Amino acid sequence: MTHETYTNPVLNADWSDPDVVRVGDDFYLTASSFGRVPGLPLLHSRDLVNWTLIGHALQRLEPAGEFTSPRHDCGVWAPALRHHDERFWIFWGDPDQGIFQINAPEIRGPWTRPHLLKEGKGLIDPCPLWDDGNDEAYLVHAWANSRAGIKNRLTGHRMHPDGTTLLDDGKVIVDADRIPGWFTLEGPKVHQHDGWFWIFAPAGGVETGWQGVFRSRGFFGPYEEKVVLEQRDTSVNGPHQGAWVRTPSGEDWFLHFQQRGAYGRLVHLQPMRWGDGGWPVVGDEGAPVAVHRKPDLPPQPAAAPATDDDFPGGRYGRQWQWTANPRDGWATHHSGDGLRLTCVRSADAHDLRKLPNLLTQRLPGTPVVVETELCLHSAELGARAGLAVLGDAYSWIGLQRGADGLVRFVHRFAEPVAERERDAGESCLAPEGRVRLRIEIGTGARCRFLYDVGDGPRPTGQVFAATPWRWVGALLGLFALAPVGTGHAGAATFTWFRITPLH
């Protein structure tokens, strides 16, 4: 009998710090969303290989006043997703505020408003555990050195079973400074199995680290440790931080991320079994697998999170996120199709990294062509709109109304240390105020830009190598803006948006 196989990564884009839970025959995944809104993406699968994006659990970042401007590497870090007492629960750490919790009766909501469970700087990667046999609840979390001056240790608390309060001041339950060769221990996920408390936790840093597992007879320790997944001689660097999940038939699987530069953190699926001494064995005897037989689950049609959009009625799909809490009027609904973005007035028009009104989605992890058609309706001098590849450095192509009142195609970029953008290619007239934009993104996230103002596609500028932010992969973005002034500055329409394989 032959078994169908899957190829890693199963999510080939930046679904950072994944956590997964099974409820009945359904698997649900959430991931870090940092400063983008809506946050806490919710993905669904029936086979752990094919995933679709079904919504978001967090509609605004709180406190709202902290996220009126982009904070790309802040916000929602490493969430834990659990199902307990007929409710879904998500816990996450905001490194500048503390540990938050939300819950809902169904995965699609309605989700509660964020509840600050533990206030403080540098509190990250929280994970709850309900010990129903003893009517106890616990919480474990890690520390961000950048905020707390502490790292490489895990702190445990008793928690009220309703998830609203912690019942003690916390105790260090794993201090990795005492484990030779271990550093940057973080991302804990706590479970009970076979009479033990288990903490799955990565160490060694996102690009070079490994997956560790700790076990103890009691939640507060003492714990013993074992490395269960590391790169070895594979191409999968830093394979760690993720979720152990069990299928209805009793198979064990582990989902984790791999840091891939501008592409961010891609999600891999590893087989898992319980081996000698009762310890988990992940992947191929502790090394990541590239191809493996699929989980013993009912066959499912091929699926992946959506990317394309026709913007019916001016509404954008759930794959899009703003770079800060949105304000009314940025995108307007209308009777036809196409995304109508208001040219938002901004003093930061010279630097897209500072704009809250960028509508973004993840950069695919394979070579692709990104295309859209744009029409600039604004009569405002200096108004512009375009398609961007956005990271610590960025480049964009689009339309701008010049000082002479004419609409031109323009191509701009900014280096990581630059405080403002500059021209990246020659500009030319767009007689009808319309252009077709195309970015060919090849191996290594190297981007070639092309445009068509009605006389065929033409290349523009140099190849641009997309860059990540510190923790976030590069983003594709659509925007419309205008210089500071008074009154409505008009709008721009993106007729459609497509991502296709680059051949």
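Residue numbers start at 1 and run along the sequence shown. Quick caveat: nothing in here was measured; it's all calculated off a predicted structure.
Here the side chains of Ile107 and His83 are not in contact, with every heavy-atom distance at 4.5 Å or above.
Note on ring orientation: taking the six-membered ring where Trp is involved, the planes of Trp111 and Phe88 are tilted (angle from 30° to 60°). Ring-plane geometry between His72 and Trp469 is classed as parallel, the angle between the planes falling under 30 degrees on a 0 to 90 degree scale with a further cut at 60. Using a 30° and 60° split on the angle between ring planes, Phe214 and Tyr223 fall in the perpendicular class, above 60°.
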Working for side chain to side chain donor-acceptor pair (under 3.5 Å), residues Ser45 and Asp47: CA-CA 6 Å; Ser45 178; Asp47 65 358; 3.1 Å; yes
Verdict with supporting geometry, His240 and His256, ring pair (Phe, Tyr, Trp, His ring centres under 6.0 Å): CA-CA 5 Å; His240 66 37; His256 66 89; 8.3 Å; no
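The side-chain hydrogen bond (donor to acceptor under 3.5 Å, both in side chains) search around Asp252 returns Trp244, Arg246, Trp274, not counting sequence neighbours. By the side-chain hydrogen bond (donor to acceptor under 3.5 Å, both in side chains) test, His160 pairs with Asp162, sequence neighbours left out. In this structure Arg60 satisfies the salt bridge (charged side-chain N to carboxylate O under 4.0 Å, His left out) test with no other residue, sequence neighbours excluded.
At a cut-off of 3.5 Å, with distance as the only test, no side-chain donor of Arg318 or His56 sits close to an acceptor on the other residue. For the 3.5 Å distance criterion, the side chains of Trp253 and Thr247 fail to qualify, holding no donor opposite an acceptor. No donor-acceptor contact under 3.5 angstrom links the side chains of Trp182 and Glu225, judged on distance only.
Ring centroid separation for the pair Trp279 and Trp198 comes in under the 6.0 Å cut-off. Taking the ring centroids of Phe497 and Trp320, they lie under the 6.0 Å cut-off.
Both the sub-6.0 Å distance and the 45° axial angle are satisfied by Arg362 relative to the ring of Trp15.
Side chain of Trp330 to main chain of Val344: no donor-acceptor pair is present (N/O by atom type, distance under 3.5 Å, no hydrogens or angles).
By the 6.0 Å contact criterion, CZ on Arg217 is enclosed, its count of non-hydrogen atoms from other residues, nucleotides or ligands being greater than 12.
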